[in-house]
Structure formats: C-alpha cells, structure tokens
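These values consider heavy atoms only, across backbone and side chains, with no hydrogens, waters or symmetry-generated copies. In listed order, ligands and their atoms are each counted from 1.
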Amino acid sequence: MSELYMGIDVGSVFVKGIIIDEYDNIITSYLIETLGNPINAVKKVILKLKENIDLEQYKVVSVGVTGSARKLIGSMLNGQVIKNEITALSVGTMKVYPDVKTIIDIGGEDSKIIIVNDGVVVDYAINTSCNAGCGSFMDSLARRMNIDYSRVSDLALRSKNSIDVISSCMIFAESDLIHKIQEGYKIEDILAGACNAVCNNFINSVKKGKKVMTPIVFNGGVSKNIYIVKYLEKLLGEDIIVNKNAQYMCAFGIAIMAKKSNVKKEFSFNIDNYNIDTRIANCLNCSSNCEIVTVYKNNNLIDMWGNKCDKIKNNCKES
Ligand code: ADP
C-alpha cells in the first residue's frame, strides 16, 4: 500500500483539505465554507477527500493541521503536526516557488506578508485586528448588495471611475458604501473602490515599510479576485504570481510537514462515528484558576489549552 499525507487548513471562512503523495503531488483537494462550525466543516472535507482516494491502494499515514482552529481540529484528528499559518504557508509556497522572495496572503479574516531570503523566512507581519484588508469585508459588502462574492472582481473590472473609500475603519466604510448605492453611484464603481481599499489597507497596515522583492507570490482566497491582483501589482509596481492552488497553499505546506513527521499512524476516516465537544473550564493547578478550553471526544477529555503557564494537565473544573 502506498503512503499518503493529509493537510487541513482550518480558516475562519473556508476549511481546506489536501492529500499528497511521497513526491508532494496533490492527489486530491477539497474546500468548504467554515460557516462558524469548524468541526462540522472539517468532517465534510475529510469525507469528501476519502471519496476521492482508493483506500485499497493507499493509506493516509500522517496528518498536519494549520489555521485559526488548528488546536481544536488537531486534537480532534490526533494530528502529528500542528503549526501556524506562517510556517505552513512558507513551506508550501517555497516548495512550488523555491526562489520566492515575498509571500502575500489575503484570506477571510487576516492578511499576511512573509519576506524570504535564500529559502529562509527573515520577516513577516500579520493583521488580524481589523478585517479591512480581508475577504470578509468584500463578502459582507457583496451580501448586502445581493451579489455573490465570486462576482465582485468581474463587476469591479467594469468600473471606469472607482470611488474613494476615505474611512480607515471598514465598518464605517461599509455603511458609507451602502449609502452610496442609495445616492445612485454605480455598483461596479463602489466594488472597485472597496477592492482598492482592501489593497491600500494591506499596503499601509501589513506591508508597511517592508521592502518587497520579486518574485512575489499571492496566496489565499482573495487572490482569486483578479481586480485585486491587478491593483496590488499597480501599487507595488511589480508582477504578482498567483498559483491555481493559491487558496490551498497553507494546506499543502502542512501536508508536506506531516509527510516529514517521524510519527506515522494510519488515519481512520471514520470521523463521523465520534462526537467532539468543547467545554469551558477552570484550571485547578494554582490559585489563578485560568479559564481554559477542554476538548472531549465521545465524552473523554482529549485536550485542553488556554492557561497562562505550563501547569495545565487534566486538573480542571468546568465553569
Ligand atoms: P481563510 O483561510 O481565512 O478562511 P481563505 O484564504 O480561504 O480564508 O479566503 C477566503 C476569502 O477568499 C473569502 O472571504 C472570499 O472573499 C475570498 N474568495 C474565495 N473564493 C473566491 C472567489 N472565487 N472569488 C473571489 N474571492 C474569493
């Protein structure tokens, strides 16, 4: 039986899953919206991945998990490798583009820049505090205009006169933009203005003073927005590469890391048979009684995290 490796990227907007072989070829991939329920979305992704591989011929022997819910899902899947997105993204991108110097990622609720020199990450920045530079802002605006987010780019590309988004706070910007529809502005000009705002926000609050060198690779779901790619190219004054698997780059990276793990164990795809439940508790190891998250698989405690020190372990009380 040939061995395969699975990478799961649990994003706030999409869960991405990928399975690779020993040569890092992508055997199958699938993504689905997280919809506020990462456990459910991950189960669906894994069951879909399972459908696409021949389990008589292959077995998955290692699992890597990254993304904002990586701890929870890492525990649920008993993953061998659990790493943050900066690491996974760097590994994935450098595999496809070994000479990459700048990695940009704009996802649903955060945006990142990673500066690479000779295959080593030398600097990075991440913006999670405001969704201004991210897909969720576009998604929410599109929803309010009754447009599917995947059409934003095509509509924005029709604009001849994009409007200026002056507010630095995107909550106010969104209201302002919606108000402009009532005033009679064209939808394409409003969407182009919103896309420009996402790019400007990335330049001003993520890239900041960092020197951007080529090749530049743009990952994350927002890289599917061609208008944004073109406008970022204009702001940076450089060409940008977008891979057809750009949204999967983190999942690909963590699958490669899983492949390199020394601990191999056949992954059981019977994930629908168990129930995962999280409960808030207090650690009882000292007088701080930190509030912690506990994870139960079929009512058995399998993991906990969240306290300020290392004393955590199986001594807690539910709040
Ligand atoms: P996360 O990892 O934070 O969940 P992703 O990297 O998966 O985020 O990107 C999600 C975002 O990508 C969405 O919020 C959406 O704005 C954007 N996106 C996804 N698919 C498309 C598409 N086909 N066209 C335009 N934008 C898209």
Note to self: Using 0.5 Å steps for rounding, measure from the CE atom of Met249 to the OG1 atom of Thr66.
What the structure shows: 14.0 Å
Note to self: Students often mix this up, so state it plainly: with edges at 30° and 60°, are the rings of Phe267 and Phe269 parallel, tilted or perpendicular?
What the structure shows: perpendicular
Item checked: Test side-chain contact (heavy atoms from CB on, under 4.5 Å) applied to Ile113 and Ile86, Ile103, Thr102, Asp123, the passing residue -> Thr102
Note to self: Treating Asn117 as the side-chain partner and Val120 as the backbone partner, does any N or O pair qualify as donor plus acceptor under 3.5 Å?
What the structure shows: no
Check: Any side-chain donor-acceptor pair under 3.5 Å between Asn219 and Tyr248?
Finding: no
Checklist line | Within the protein, residues bringing a heavy atom under 4.0 Å of ligand 1, chain by chain | finding: Gly11, Ser12, Val13, Phe14, Lys16, Gly107, Gly108, Glu109, Gly135, Ser136, Asp139, Tyr149, Ser150, Gly220, Gly221, Val222, Lys224, Gln247
Check: For residues Asn52 and Tyr30, is any side-chain donor paired with an opposing acceptor at under 3.5 Å?
Finding: no
